[in-house]
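Atom set for the values below is all heavy atoms of this structure, side chains included, hydrogens, waters and symmetry mates excluded.
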Amino acid sequence: MATPRVSIDKQNPDVYKALVKVSTKTAAAAEAAGLSRAVVELVNLHCSQINGCAFCLSVHYPDAIDAGLTPQQIAVLSAWRDAPKLYTDEMRAALELAEMVTNLPGHDDANCAYERAADVLDAAQISAVIWAATSMNAFNRVSIMSRYNVQPHP
């Protein structure tokens, strides 16, 4: 029988609340930088796809729809490079940065991705995207390690 997982958010609620604060401040930084909520939700979804976090994908799907993303954009997200007409330059730059933060590539690849993003995004936007991916990756790890279950929506 599998050992039950500790729900680390419940085990250390103050730490989890601090992570929620990081996420809230990140959303405010993204808004102040002029990034749309749709871009931030694309980052949230894509990080969760890469990490295989079903719980966070389930949580952020309705948020993505509410932010104005189309079902097609969400369905094709894992292959976004092959559908450039579905995503703006800003979205593509944010997605590439999110992948860089999530996968931590070698320095040369990271430098190339950063340079491409800097052609489209300003410093405040780059920072906000990196913080969004960083916080989403943290939530993915909390959810995966705590084995959060996805409940069907009615």
Side-chain angles (χ1 to χ4, degrees), residues 1-83 86-88 90-106 109-110 113-114 117 121 124-154:
M1 186 163 112
T3 303
R5 295 287 178 103
V6 172
S7 292
I8 65 173
D9 60 322
K10 291 175 181 52
Q11 185 69 35
N12 300 104
D14 290 343
V15 177
Y16 187 77
K17 287 176 188 172
L19 182 57
V20 170
K21 283 185 182 180
V22 167
S23 178
T24 301
K25 296 232 181 238
T26 297
E31 184 177 345
L35 287 175
S36 69
R37 205 169 136 238
V39 169
V40 174
E41 288 305 331
L42 275 176
V43 168
N44 290 338
L45 286 173
H46 197 45
C47 290
S48 299
Q49 284 178 330
I50 293 167
N51 290 320
C53 186
F55 184 82
C56 291
L57 285 165
S58 180
V59 166
H60 286 279
Y61 175 80
D63 294 341
I65 294 294
D66 288 345
L69 292 170
T70 68
Q72 184 183 25
Q73 286 173 311
I74 296 168
V76 178
L77 183 55
S78 64
W80 66 270
R81 283 184 174 82
D82 296 325
L86 292 183
Y87 307 97
T88 65
E90 183 180 69
M91 289 172 169
R92 289 193 304 277
L95 289 168
E96 188 167 21
L97 276 177
E99 288 177 354
M100 181 180 74
V101 171
T102 304
N103 294 324
L104 296 174
D109 290 338
Y114 192 94
L121 305 173
Q125 292 171 325
I126 289 170
S127 180
V129 168
I130 291 172
W131 275 112
T134 299
S135 65
M136 192 70 246
N137 278 290
F139 279 111
N140 290 162
R141 281 145 179 82
V142 169
S143 299
I144 291 167
M145 295 309 299
S146 298
R147 281 208 180 124
Y148 288 3
N149 291 313
V150 176
Q151 300 301 321
H153 293 290

### Task
Dump the intermediate steps for side-chain contact (heavy atoms from CB on, under 4.5 Å) on N44 and D63, then the final yes or no.
CA-CA 10 Å; N44 290 338; D63 294 341; over 6 Å; no
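- In this structure, W131 CH2 and S23 OG are separated by 11.5 Å, a value rounded to the nearest 0.5 Å.
- Taking all atoms of both residues into account, the shortest heavy-atom contact from M91 to L69 is CE-CD2, 3.9 Å.
- Residues Q72 and L86 approach most closely at OE1-CD2, 3.4 Å, considering heavy atoms.
- In this structure, R5 CZ and S146 OG are separated by 8.5 Å, a value rounded to the nearest 0.5 Å.
- Each of M136, Q73, H60 was compared with L45 under the side-chain contact (heavy atoms from CB on, under 4.5 Å) criterion, and only H60 meets it.
- Note that CG of L57 and CG of N140 are 7.5 Å apart. Values are rounded to the nearest 0.5 Å.
- Note that CD of E99 and CD1 of I50 are 5.0 Å apart. Values are rounded to the nearest 0.5 Å.
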### Task
Kindly indicate, with the supporting measurements, whether the criterion side-chain contact (heavy atoms from CB on, under 4.5 Å) is fulfilled by D66 and R37.
CA-CA 9 Å; D66 288 345; R37 205 169 136 238; 4.0 Å; yes
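- In this structure, the side chains of L121 and L97 come closer than 4.5 Å at one or more pairs of heavy atoms.
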### Task
Please step through side-chain contact (heavy atoms from CB on, under 4.5 Å) for the pair F139 and Y16, ending with a clear verdict.
CA-CA 9 Å; F139 279 111; Y16 187 77; 3.6 Å; yes
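- Looking only at side-chain heavy atoms (C-beta outward), L77 and L95 come within less than 4.5 Å of each other.
- The line from CZ of F55 to CD1 of I144 is 11.5 Å long, rounded to the nearest 0.5 Å.
- Of the possible donor and acceptor atoms, one in the side chain of N51 sits under 3.5 Å from a partner among the backbone N and O of C47.
- A donor-acceptor pair is defined here as one N or O able to donate and one able to accept, closer than 3.5 Å; no such pair exists between the side chain of R92 and the backbone of R81.
- Remark: C56 SG to R141 CZ distance equals 10.5 Å, nearest 0.5 Å.
- In terms of heavy-atom proximity, Q11 sits nearest to V6 at CB-CG1, 3.7 Å.
- The shortest distance between side-chain heavy atoms of L42 and W80 does not fall below 4.5 Å.
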#### Entry: Full working for side-chain contact (heavy atoms from CB on, under 4.5 Å) between E90 and Q125
CA-CA 9 Å; E90 183 180 69; Q125 292 171 325; 3.5 Å; yes
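- Taking each heavy atom of S135 and V22 in turn, the nearest pair found is CB-CG1, 4.1 Å.
- Across C53 and S143, no two heavy atoms sit closer than the pair SG-CB, 3.5 Å.
- The shortest side-chain heavy-atom distance between Y114 and I126 falls under the 4.5 Å cut-off.
- Nearest heavy-atom pair, A94 versus V129, reported as atom, atom and distance to 0.1 Å: O-CG1, 3.6 Å.
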